[in-house]
Amino acid sequence: MNTATIWRSTLERLLQHESLDPVTRQWLQEAHLLASQTTEGGAHEEKESLYFSLQVHNDLARDVLTSHWLEVMEEALQEVTGRTIVLEVTHEPGEEPLPVQEEVATPHLAASTSAAQNGYNFYDRSINRSIPHKAARTPEAPSYEQNAASYQSFQAGVASQQEQWENEQRSGILTNNRLNPRYSFDTFIVGNSNRLAHAASLAVAEAPGESYNPLFLYGGVGLGKTHLLHAIGQQGVQTGLAVLYVSSEQFTNEIINAIRYRTTEEFRAKYRSVDILLVDDIQFIAGKESTEEEFFHTFNSLHEMSKQIVICSDRPPKAIASLEERLRSRFEWGLVADIQPPDLETRMAILRVKADALHYRVPDEIISYIAGRVQTNIRELEGCLNRLMAYQQLHRVDLTLDVARAAMSSLGADHRETHLDGRQIAQAVADYYRVSFEAMCSKQRDKHIVAPRQVAMYLIRQETQISLFEIGQLFGKRDHSTVLHACEKIERNLKQNPTLRQDVSTIREQLLRD
Ligand SMILES: Nc1ncnc2c1ncn2[C@@H]1O[C@H](COP(=O)(O)OP(=O)(O)OP(=O)(O)O)[C@@H](O)[C@H]1O
């Protein structure tokens, strides 16, 4: 890799630095990197060091870059070359420095893109000519001290402009955070299927950036991921934090526009000025290179500043195909929490809350009827309620079970009423754990029988309205307190045991599919 290529890659890194002011930026963009020498390191060094000289066009640039940026530049060069770097910043008066194109062995970056390939010209003489050289200074040209003083006042101006700019971004976000006030913690129903995700969201909302960062929530369609994101956001807003909710699609579009209209600085300033960043449907950024790249830098900046990041997806990080490894590992850094389809009891509770919010009086048997028809998507559950309301108003009839049936009749096979009975559920559990139904109903106390028996009792209790007594009868005439103990035990274990959660969810999905 030649020095021009090395500088090109290094410069890309340096230009992303948060605290880079416009003047230093310009100096860096106009600087030339030259390889000076290489030397064998001491006995304790693994690799030889690379010596570079960065040529700049005036003394002030040399001094500022040396005093403030030397370490940063050396680190960036080290990242690019994979070698230890010794860098010196020099001002070469008189002759403009010519690029040195010697090859430098940088094994791990041999295939890296070159500056020439990218069409980037570091030696643009039209730029260089506009920078006065010390040797060419005319009597009217400002002295070094004058330059330094004006640089300092410029710096102060830049800092206050920067502050003003960031404040503008912040207040823009504070007034336009895209949050839906309906999605709060108060209106979120907690059940076994979403308990962990809810608890983690609450913890994050109460102490952003302190508990789980990032928080990664995943689950199927319409199960409340967006609701939780918004709930975290509402709480943040109430405590005066700058919260931004964005779908990965919006994020991608904003990047495309920022690149097209050359407004990447504004884009970055906006995303880096938030206290809580909420990103929905992150799975859609997978495979979009520049979006992933930009998100990576946004993520790192926020994380370094202990700003909270919450991400949602329809699948866990591991299952997002073609997602860059560095992003995947960052997503798994904090806490990954799943949301499973809700059980019957939770579905009924959600319907009850939604009906109350609409001031719509719905008898329990109808709530139970609807909850039995839609098992895996809460959005559809809500849709059924709205449909029922519309149907009833249109036909001006009293709300009865028959009316509910008529209202739902055209919804199709996906919404058919389920008639799961206890035996069916017990059989599905027995099949899943590869034990016999008869063994589950017997007096056997072996662990491999007791565990499935308890899961079956729990699922029957959750998915049907069969009483504890009847469940006990089904499992070899056991007492109702045994059934209650089993249900409570499974409920407790579900909170701590992700494998059990997955097992129960798979059995439930299987039952509903069949
Ligand atoms: N536990 C819950 N309590 C109350 N309402 C809920 C709950 N879970 C989901 N909902 C409601 O269900 C609807 C769909 O939820 P949401 O949009 O959050 O789902 P999602 O998981 O983000 O779906 P998608 O993957 O399609 O984006 C919303 O109206 C939401 O309020």
Considering non-hydrogen atoms only, spot the tightest contact between R315 and I320 and give its length. CG-CG1, 3.7 Å
After noting the C-alpha distance and the side-chain angles of E345 and R461, does the key distance pass the salt bridge (charged side-chain N to carboxylate O under 4.0 Å, His left out) rule? CA-CA 9 Å; E345 198 185 341; R461 180 93 175 124; over 6 Å; no
Give the minimum heavy-atom separation between A371 and M348, together with the two atoms involved. CB-CG, 3.5 Å
Report, as yes or no, whether the 6.0 Å neighbourhood of atom NZ on K443 holds more than 12 heavy atoms from other residues, nucleotides or ligands. yes
Please list all pairs meeting salt bridge (Lys or Arg N to Asp or Glu O under 4.0 Å) that have one or both residues in residues 353-363, counting only residues at least two apart or in different chains. K354-E382
E266 and Y271: side-chain donor and acceptor closer than 3.5 Å? no
Does CG belonging to D446 count more than 12 external heavy atoms closer than 6.0 Å? yes
Is a donor on one side and an acceptor on the other found under 3.5 Å between the side chain of H395 and the backbone of Y391? yes
So which atom in I285 and which in T252 form the shortest heavy-atom distance, rounded to 0.1 Å? CG2-OG1, 4.3 Å
Please determine whether salt bridge (charged side-chain N to carboxylate O under 4.0 Å, His left out) holds for the pair R13 and E75, giving the CA-CA distance in whole Å, both sets of side-chain angles, and the decisive distance to 0.1 Å. CA-CA 10 Å; R13 284 175 160 71; E75 259 173 36; over 6 Å; no
What pairs of residues pass the side-chain hydrogen bond (donor to acceptor under 3.5 Å, both in side chains) test when at least one of them lies in residues 219-235, not counting sequence neighbours? T187-H227, T226-D280
Salt bridge (Lys or Arg N to Asp or Glu O under 4.0 Å): pairs with one or both residues in residues 480-504, sequence neighbours excluded: D338-R501
In terms of side-chain heavy atoms, does Q340 have a donor or acceptor partner in S505 at a distance below 3.5 Å? yes
More than 12 foreign heavy atoms under 6.0 Å from CD of E325: is that the case here? yes
With distance as the sole criterion, is a donor-acceptor pair present between the side chains of Y369 and R373 under 3.5 Å? yes
Flag if over 12 foreign heavy atoms under 6.0 Å of CD, E74: yes
Do R453 and F475 form a cation-pi contact, if we require the NZ or CZ to be under 6.0 Å from the six-membered ring centre and within 45 degrees of the ring's axis? no
Is the closest side-chain heavy-atom distance between L278 and I276 below 4.5 Å? yes
For F331, enumerate each residue passing the ring-ring contact (aromatic ring centres under 6.0 Å, His included) test, keeping only those at least two apart in sequence or located in another chain. F216
Qualifying residue for ring pair (Phe, Tyr, Trp, His ring centres under 6.0 Å) with F251, from Y245, F284, F295: F295
Please state whether the rings of H198 and F185 are parallel, tilted or perpendicular, taking 30° and 60° as the class boundaries. perpendicular
Which residue pairs satisfy the salt bridge (Lys or Arg N to Asp or Glu O under 4.0 Å) criterion with at least one member in residues 468-480, sequence neighbours excluded? none
Looking only at heavy atoms, what is the nearest atom pair of L474 and G422, with distance? CD2-C, 3.7 Å
Under 3.5 Å: donor-acceptor pair, side chain of R272, backbone of S301: no
Would R330 count as a cation-pi partner of F296, with NZ or CZ less than 6.0 Å from the six-membered ring centre and within 45° of the ring normal? no
Flag the pair R326 and E292 as a salt bridge only when some basic side-chain nitrogen lies within less than 4.0 angstrom of an acidic carboxylate oxygen. no
So, D431 and Q427: side-chain donor and acceptor under 3.5 Å apart, yes or no? yes
In this structure, are over 12 heavy atoms from other groups packed under 6.0 Å from Y212 atom OH? no
Heavy-atom closest pair, residues I367 and L351: O-CD1, 3.5 Å
According to ring pair (Phe, Tyr, Trp, His ring centres under 6.0 Å), does anything in residues 452-472 pair up with another residue at least two apart or in another chain? List the pairs. none
Please indicate whether Q250 has more than 12 foreign heavy atoms, meaning atoms of other residues, nucleotides or ligands, lying under 6.0 Å from its CD. yes
Show the nearest heavy-atom pair for residues P181 and L179, with the distance to one decimal. CD-O, 3.4 Å
Please determine whether a side-chain nitrogen of the Lys or Arg among R8 and E12 lies less than 4.0 Å from a carboxylate oxygen of the Asp or Glu. yes
